There are 2 protein chains.
Amino acid sequence: MLTIGKLAVASGVKIPTIRYYEQIGLLPAAERSPGNQRLYARDALKRLAFIRHARELGFTLEAIRDLLGLSDRPDQSCFEVDAIARAQLRAVEGRIARLQALKSELERMIDRCAGGTISACRVIEVLGNHTHCAADHGRDGQDCHAVSE
Amino acid sequence: MLTIGKLAVASGVKIPTIRYYEQIGLLPAAERSPGNQRLYARDALKRLAFIRHARELGFTLEAIRDLLGLSDRPDQSCFEVDAIARAQLRAVEGRIARLQALKSELERMIDRCAGGTISACRVIEVLGNHTHCAADHGRDGQDCHAVSE
DNA sequence: CTAATCTCTCTAGCAACTAGAGGTTCAAGG
DNA sequence: CCTTGAACCTCTAGTTGCTAGAGAGATTAG
């Protein structure tokens, strides 16, 4: 049986976070010592590792809750698991595309800011200007409004 | 003079968000009508466009506050602006790298979950397992703890 | 047995908004 | 001129995923 501190070290999840996960029902209520301190078995470590890794993969706690719920019913089709993972993949791909557009814009900004004074520097100008939206990240149109003057 | 609603439509920033930005000092307190309603001039639109675009680029409100502060002193060197933009670029590149690792892991997960039952599906197993960390996104070592059993 | 180190609960805070309650002001139509 | 309805006001509280601190109790090493 591990105390919460050992579990925190072993899992890489901080103590208040573990208690938080218990509070919101991601982890079952831990056993307690006679003095009311939490005690964990090995499977808590597994569950925490699962949560931690899923968080690193960008799953929300809600998605993780779903996955954990599914894994408690191991005879079902993994259709739902697959759907969750695919949705997650799409979200990740979207984030990557967006960040790559942002990266090239930042690079252009830095190129234009070559040691001059702010009044000559294009960074702030570029940031105030939406004319690049269509070319750079206008794929999701609802995110880029025209600011016509 | 624009009312807050028109400004919201023109800028693509929601009304409560505009008020929030005023509250935290990103926007100066707006002029008011005799009946206490906010009135904005054109330059508020520019400032909001700046904030909005910078937010889209992933700048935090604190970084934006810095940038706005700098742009109020246009005679200085843009050294600081450049530094902020470069730091932001590094952060964006890090996020992209991380997301790409996550993407390939999700793809592998989905491949392994080919229509079977959950007990045969590797998604959950992969998520509970840190053995791929070194290969996939172990660049930032402090994020991947061994969970040896 | 005592001191140091955990751990407990509870409350409050972070970013960056969003939503709602309950009340006021404005612009247009009759 | 008056009314109606949309837009606005302030204020509080909620969101997600934690993190920090206070003040009290538990456990363990020497």
Side-chain angles (χ1 to χ4, degrees), chain A residues 1-27 29-40 44 47-68 87-88 91 95 98 102 142-143 145, chain B residues 1-27 29-40 44 47-48 50-68 88 91 95 98 102 142-143 145:
Chain A
M1 286 296 189
L2 302 164
T3 59
I4 198 169
K6 314 288 181 197
L7 181 65
V9 170
S11 67
V13 176
K14 288 175 188 161
I15 291 175
T17 306
I18 295 172
R19 291 198 277 243
Y20 171 71
Y21 287 163
E22 178 181 318
Q23 189 193 317
I24 64 170
L26 270 191
L27 292 176
E31 283 183 63
R32 298 296 180 118
S33 76
N36 199 37
Q37 301 196 347
R38 288 174 180 81
L39 294 174
Y40 296 93
R47 202 171 174 99
L48 252 188
F50 178 96
I51 295 170
R52 177 174 153 74
H53 206 172
R55 286 293 297 139
E56 282 171 9
L57 284 167
F59 289 84
T60 65
L61 291 183
E62 264 327 290
I64 293 169
R65 192 192 298 278
D66 289 348
L67 287 170
L68 285 169
Q88 203 61 30
R95 274 187 265 165
R98 188 157 186 81
L102 307 188
Q142 109 268 16
D143 252 10
H145 301 248
Chain B
M1 285 297 189
L2 301 165
T3 59
I4 198 170
K6 314 286 181 201
L7 181 65
V9 170
S11 67
V13 176
K14 288 174 188 160
I15 292 175
T17 306
I18 295 172
R19 291 198 277 242
Y20 171 71
Y21 286 164
E22 177 180 319
Q23 190 193 317
I24 64 170
L26 270 191
L27 292 176
E31 281 184 64
R32 298 296 181 119
S33 76
N36 199 36
Q37 301 195 347
R38 288 175 181 81
L39 293 175
Y40 296 92
R47 203 170 173 99
L48 251 189
F50 178 95
I51 294 170
R52 177 175 151 73
H53 207 172
R55 285 294 297 137
E56 282 171 8
L57 285 168
F59 290 85
T60 66
L61 291 183
E62 264 326 290
I64 293 170
R65 191 191 299 277
D66 288 349
L67 287 170
L68 285 170
Q88 203 61 29
R95 273 187 264 165
R98 185 153 189 84
L102 307 187
Q142 109 269 15
D143 252 10
H145 299 248

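In what follows, every heavy atom counts, from backbone to side chain, and hydrogens, waters and symmetry copies are set aside. Labels below follow one simple rule: chain letters A, B, ... track the order of the sequence lines, proteins then strands, and each chain is numbered from 1. Bear in mind that the values here come from a model prediction, so they are computed numbers and not experimental data.
- Nucleic acid contact class of I24(B) (heavy atoms, under 4.0 Å, all strands): none.
- When every heavy atom of L7(B) is checked against every heavy atom of A44(B), the shortest pair comes out as CD1-C, 4.4 Å.
- At whole-Å resolution of the value, OH in Y40(B) and C1' in dC9(D) are 12 Å apart.
- One interatomic measurement links the two molecules: NZ of K6(A) to P of dT27(D), which rounds to 14 Å at whole-angstrom precision.
- Scanning both residues, R55(A) and T60(A), for their nearest heavy atoms gives NH1-CA, 3.9 Å.
- Using a 4.0 Å cut-off on heavy atoms, the residues of residues 31-38 of chain A that approach DNA chain C are R32(A), N36(A), Q37(A), R38(A), listed by number.
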| query | How does each nucleotide of nucleotides 14-22 of chain D score, in 5' to 3' order, for protein heavy atoms under 4.0 Å: base (B), sugar-phosphate only (S), or none (-)? | reply | ---BBS---

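- In this structure, Q23(B) atom CD and dT12(D) atom C1' are separated by 11 Å, rounded to whole Å.
- Heavy atoms only, all atoms of each residue included: I4(B) and R19(B) are closest at CD1-CG, 3.5 Å.
- L39(B) has its side chain within reach of T3(B): a pair of non-hydrogen atoms, C-beta onward, lies under 4.5 Å apart.
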Quiz: residues 20-27 of chain A side-chain donor-acceptor pairs under 3.5 angstrom, not counting sequence neighbours:
unit_1	atom_1	unit_2	atom_2	d
E22(A)	OE1	R38(A)	NE	2.9

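- Heavy-atom contacts of chain B under 4.0 Å fall on DNA chain C between two terminal nucleotides, which in 5' to 3' order are dA16(C) to dC26(C).
- Atom CG in L7(B) sits about 14 Å away from atom C1' in dC8(D), given to the nearest Å.
- The shortest side-chain heavy-atom distance between Y40(B) and L48(B) does not fall under the 4.5 Å cut-off.
- For the side chain to side chain donor-acceptor pair (under 3.5 Å) test, residues two or more places apart in sequence or in another chain that qualify with E62(A) are R65(A).
- Across all their heavy atoms, I64(B) and I51(B) have their closest contact at CD1-O, 3.8 Å.
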